[in-house]
Amino acid sequence: MANTDQNNPNRVSGPFGSLREYIDAVDKLGQVLHVDKVDQDAYEATGFMYQLIDKVGWSEAPIVSFNKIKSGGRWMDGPVIGNPWGRWQYEPLAFGVEAHGYDQRQLYKSTLQQLETRVDKDGQWPAVEPVEVSRQDAPCKEVTLLDDAIDILQFPFIKTNPADGGAYINTGNVILEDPKYGRNVGTYRCQVKGPRKISVNPERNQHGWTFLMDMKDRGEPFARAAVVIGADPIVFAMSSSKTTRLGQDELKVAGGFLGRPVEVVKCETSELRVPANVEMVIEGEIPFDFEPEGPFGEMYGYIGEHKPENFYMNITAVTHRKKPIFINNFTGIHRGFLTAPLEMTSNLNYRQRFPNVLSVHFPLQTPGYCFIRIRKTNADEAMTIGREIATSLKIAKIAIVVDEDVDVHNFTEVMHTVGARWQPYQATEIIEKAGAMGGDPSSPTRGSGSRVVIDATRKRPDEGGPEVYAKMNRECLLAEKPDILSHINDKWGDIINGWKS
Ligand SMILES: Cc1cc2nc3c(=O)[nH]c(=O)nc-3n(C[C@H](O)[C@H](O)[C@H](O)COP(=O)(O)O)c2cc1C
């Protein structure tokens, strides 16, 4: 049964022409909570997001739209959006995929399968060259601010946590161009430093970092950059994830997912091209002397380090729509972007290396874990695959390998499997040194750490497992009554699916 239409038979499907079209479509499903006013100087928006997600769960919580917000002593017009990508259901909606399934998880898995059918035989997504439009046809140019008219303190960029170093633009997509690599679009947080100054924070070895350091090493006085705010869901997902490699243009790959070219427009103060449909563009120059930045409450849910030296940008122009929408990422509280393209790409990559890898899932709302589902055919296979993925994927601090009957998108089921099938002494490998995610608070030095690989597959006798592996209760039920679950769904699905706490 296809049930992407379950909430509204007149649902509008993506890909959407802009962020605001996407938000409108979710609003039509009744899944945007509109909150009239919040005082963020008293951290009400942050408290609201914690309460909502604590009570409803990250995968069920709706989008929140704060219509007016007080920040830095001023009441400002929003909306400021929180949790824009929370539910898995929004992935098929945004990618325009006809997904099938009874619940959020199934819809997400179906989206992964559908997206996979669109890549070419080399696992590459079709790239579509962006097309340029005139500034009259670019919604992001409805208002242009130059010189003294520029004052980004008038916009609701907020301080999310009292321990943050200040207010942040934390969903900006930073666009850079380089003769060697082409264009890069990356989401890096930008601390608001003054009316015409922000910091720009590509972590070490991010593509943006490589671009900027190469320019610095070439002796260029500064880099021209544009920070795009409120891109459509697909451009935002490309900018926020390693779906593309260094030298691949995120806007071209986004065009492949969109099924049409991304429309771009020339900046006011540089030759850079930016997506025309966005809410706001902040243009500027990044010189190569550095300034302090941070700290910032990071995705692991811990406050990061204060950085004595970081990139910053002098703002040369701001253009925006008439009533721009802002997104604040309540980092460490909700999901940060639509993850299906990233997950699909990493699945394809690992399957090319190991044909018996069926799926790899790293839940970004609980960073640090990676669940690997395999069809095990020989004794050492699970550990070999687990070791390789744990060392090549920074987020996979705890890599758990499971058999093909386990749903890696079901956290509880994976934990249950570990409890039941894993023998710690027999099936664990600790890797002493590996790269680590920048925000991991347990790292002895930022960017480095260790790994554990847990082989939670059923151990065969030649791996020291039992001669006869016990059957599962569920397996026995289904052997006797193969149709029991679909029968229950047909008979009582309405009661079960409609139950809410
Ligand atoms: C809301 C959000 C904020 C992010 N902030 C940062 C950041 O400040 N620095 C960073 O290096 N990566 C950050 N990331 C992750 C990068 O966007 C991601 O790794 C992306 O692949 C970077 O682009 P690049 O691969 O072109 O370097 C953030 C992601 C999201 C979704």
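Just follow the structure's listing: the first ligand is 1, and inside any ligand the first atom is 1. Side chains included, hydrogens not; waters and symmetry mates left out as well; all remaining heavy atoms used. Just so it is clear, the model here is predicted, and its values are computed rather than measured.
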Next item on the list: Look at atom 18 (C) of ligand 1 and say which protein heavy atom is nearest, naming residue and atom and giving the distance to 0.1 Å.
Entry: S240 O, 3.3 Å
Check: Would you say ligand 1 has an N or O under 3.5 Å from any N or O of Y188?
Finding: yes
Next item on the list: Please work out which of C190, G304, G186, S239 has its closest non-hydrogen atom nearest to atom 20 (C) of ligand 1.
Entry: S239
Next item on the list: Answer side chain, backbone, both or neither: which part of T244 comes under 4.0 Å from ligand 1, heavy atoms only.
Entry: neither
Check: Considering only heavy atoms, does P202 approach ligand 1 within less than 4.0 Å through its side chain, its backbone, both, or neither?
Finding: backbone
Next item on the list: Scan for side chain to side chain donor-acceptor pair (under 3.5 Å) pairs involving residues 330-343, sequence neighbours excluded, and state none if there are none.
Entry: E91-R335, E91-T339, Y108-T339, Y108-E343, N329-T331, R335-T339, E343-H361, E343-H409
Margin query: Taking 4.0 Å as the limit for heavy-atom contacts, which would you say applies to T331 with ligand 1: side chain only, backbone only, both, or neither?
Written below: neither
Checklist line | Distance from atom 25 (O) of ligand 1 to nearest protein heavy atom, with residue and atom | finding: K242 NZ, 2.5 Å
Note to self: Under 6.0 Å between ring centres: does that hold for H320 and F155?
What the structure shows: yes
Check: Considering only protein heavy atoms, which is closest to atom 6 (C) of ligand 1, and at what distance to one decimal place?
Finding: T187 O, 3.3 Å
Next item on the list: For atom 3 (C) of ligand 1, grab the closest protein heavy atom and report residue, atom and distance to one decimal in Å.
Entry: N170 O, 3.6 Å
Notebook entry, point to check: Has M299 got any heavy atom lying under 4.0 angstrom from an atom of ligand 1?
Noted result: no
Check: At what distance is the nearest protein heavy atom to atom 12 (N) of ligand 1, and which residue and atom is it?
Finding: Q206 NE2, 3.1 Å
Note to self: To check your reading of the model: name the closest protein heavy atom to atom 9 (N) of ligand 1, its residue, and the distance in Å.
What the structure shows: N201 O, 2.7 Å
Notebook entry, point to check: Does at least one non-hydrogen atom of V185 fall below 4.0 angstrom from an atom of ligand 1?
Noted result: yes
Note to self: Looking only at the aromatic ring of each residue, does the gap between the centers of F362 and Y369 stay below 6.0 angstrom?
What the structure shows: no
Next item on the list: Take the angle between the ring planes of F296 and Y168 and call it parallel below 30°, perpendicular above 60°, tilted in between.
Entry: tilted
Next item on the list: Dump the intermediate steps for salt bridge (charged side-chain N to carboxylate O under 4.0 Å, His left out) on R446 and E298, then the final yes or no.
Entry: CA-CA 13 Å; R446 199 175 165 98; E298 307 219 23; 3.5 Å; yes
